[in-house]
Amino acid sequence: MTWQGIEGHDDVIERFRLAISRNRLASTFLFVGPAGIGKRAFAEKLAQALLCPHVDEKTLVPCGRCDSCVQVGSHTHPDLVIIEKPPDKSFIPLAAFVGDDQRRMREGLCHDIALKPFMGGRKVAIIDDADYLNEESANCLLKTLEEPPPLSVLILIGTTAEQQLATIRSRAQTIRFHPLAPKAVAAILLARGLASDRREAERLAEFSEGSVRRAVELSDDELWSFRRELLAALGSARFDSVALAGQLASFVEAAGKDAGSRRARARQIVGFTVDFYRQVLRRLCTLAPEGDAELVRAAEKAAADWPFGALAAAAAIDRSLEVLAHIDRNAYLPTLLECWLDDLARIVESGQPVPNYAAS
């Protein structure tokens, strides 16, 4: 059973129902979990429930028909503030919190959330992309979190609690959202028309790691074609990191001018590489590789020719996960990917984690 059409997070809404029934709703929440699993949608539905004057208090289901519900749905409710990182920015601008230079502290989230509610009993603020708070913005927000206005609820949305300042974590109740089940991802893809049929939806869901966003990105046929080339290169005992870096750079650039699209492609390729080395590691540990036939064949081939033990495969995984974190922090992609592939080649050749031989 889903809450307001939100798949996979019934345990979270149950926590909110219990808190509200006991009149113990916190003022600040930090929603964390992988991208594309419904945290933003959940936050907006929760805001609708908190602002609806006719909400069913036992189920936290709003009426969906009143002026408040309609305005929340269209993002025009005077008691709802939503801010997010602009697509062309690396961080959420300071002006989103305190206004621009001409209207400093007379507009922005910190000003608006402190106003008396216009329509109902609460003010609700949603900060999406909280991973992209810079130090200046985070410090401005801290003043609001330290003394939250009466009748206010603030929701920050990020991927991990560790990416937030410790001072923000200490003032927020962390709510962890888990990846969606493959069946839930497939159902969402079909319901939104993001897959042509059930078979495609189930195939994409299998590789999605519980994220609808990842599943949509995986619908790109060119991505799977490049994955085939990538696995063939990684599956050999030695690979030409310079040539592979050139291929990867061209493929990433072909995603278009939008930086988000290029980063999504890079993220998928690095994710495929993590999957590959995980299966190599399984084989080196005498476990059968998992995944589709193409991945299993490449992992078996690499493991058969692998000159070192499991340590090198684990080092390749660690280096790739580190690169994923740098992609999310807006590192310069061409240099990042070139260095990453060079490090992988050196790990395979030496059997040692990068820091060990870099320092020698």
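- In terms of modelled atom types and a separation under 3.5 Å, the side chain of Asp131 and the main chain of Thr159 share a donor-acceptor contact.
- Two residues are said to be in side-chain contact when any heavy atoms from C-beta on lie closer than 4.5 Å; Val216 and Leu189 meet this criterion.
- The shortest side-chain heavy-atom distance between Trp3 and Val12 does not fall under the 4.5 Å cut-off.
- Looking at residues two or more places apart in sequence or on another chain, you find a side-chain contact (heavy atoms from CB on, under 4.5 Å) between Thr335 and Tyr332, Cys339.
- Tested against Ile157 for a side-chain contact (heavy atoms from CB on, under 4.5 Å), the candidates Ile126, Ile127, Asp129 yield a single pass: Ile126.
- Surrounding CD of Gln71 are more than 12 heavy atoms belonging to other residues, nucleotides or ligands, all under 6.0 Å away.
- Evaluation of the salt bridge (charged side-chain N to carboxylate O under 4.0 Å, His left out) rule for Arg15 yields no partner, not counting sequence neighbours.
- Between the side chain of Asp79 and the backbone N or O of Met119 there is at least one donor-acceptor pair closer than 3.5 Å.
- Relative ring orientation between Phe177 and Phe31 is described as tilted, the plane-to-plane angle lying within the 30° to 60° band.
- Residues that satisfy the side-chain hydrogen bond (donor to acceptor under 3.5 Å, both in side chains) test with Glu44, not counting sequence neighbours, are Arg40, His75.
- For Glu349, there are no side-chain hydrogen bond (donor to acceptor under 3.5 Å, both in side chains) partners, not counting sequence neighbours.
- Side-chain atoms of Ser225 do not come within 3.5 Å of backbone N or O of Asp221 as any donor-acceptor pair.
- The stretch residues 279-292 participates, sequence neighbours left out, in these salt bridge (charged side-chain N to carboxylate O under 4.0 Å, His left out) pairs: Arg227-Asp292, Arg282-Glu290, Arg283-Glu300.
- Seen from the ring of Tyr132, Lys85 counts as a face-on cation partner, given the 6.0 Å and 45° thresholds.
- For Ser21 (side chain) and Arg17 (main-chain N/O), a donor-acceptor pair under 3.5 Å exists by modelled atom type.
- Partners of Phe272 under the ring-ring contact (aromatic ring centres under 6.0 Å, His included) rule, at least two apart in sequence or in another chain, are Trp224.
- Listed by chain and residue number, Trp340 satisfy the side-chain hydrogen bond (donor to acceptor under 3.5 Å, both in side chains) test with Ser320 (two or more places apart in sequence, or in another chain).
- Taking 4.5 Å as the limit, every side-chain heavy atom of Val81 sits out of range of all side-chain heavy atoms of Leu154.
- Two residues are said to be in side-chain contact when any heavy atoms from C-beta on lie closer than 4.5 Å; Leu94 and Arg104 meet this criterion.
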Side chain to side chain contact (heavy atoms under 4.5 Å, CB included) between Ser241 and Leu344, intermediate numbers included: CA-CA 8 Å; Ser241 63; Leu344 289 185; over 6 Å; no

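- With sequence neighbours excluded, the residues satisfying salt bridge (charged side-chain N to carboxylate O under 4.0 Å, His left out) with Arg267 are Asp328.
- Among residues two or more places apart in sequence or in another chain, the side-chain contact (heavy atoms from CB on, under 4.5 Å) test is passed with Ser211 by Ile37, Arg213, Arg214.
- Contacts of Phe226 classified as ring-ring contact (aromatic ring centres under 6.0 Å, His included), with partners at least two apart in sequence or in another chain: Phe251.
- Every pair tested for salt bridge (charged side-chain N to carboxylate O under 4.0 Å, His left out) that includes a residue from residues 174-194 fails, sequence neighbours excluded, so the list is empty.
- For the pair Asn139 (side chain) and Glu135 (backbone), a donor-acceptor distance under 3.5 Å is present.
- Salt-bridge check for Arg319 with Glu322: passed, with a basic side-chain N closer than 4.0 Å to an acidic carboxylate O.
- With sequence neighbours excluded, no residue forms a side-chain contact (heavy atoms from CB on, under 4.5 Å) with Ala314.
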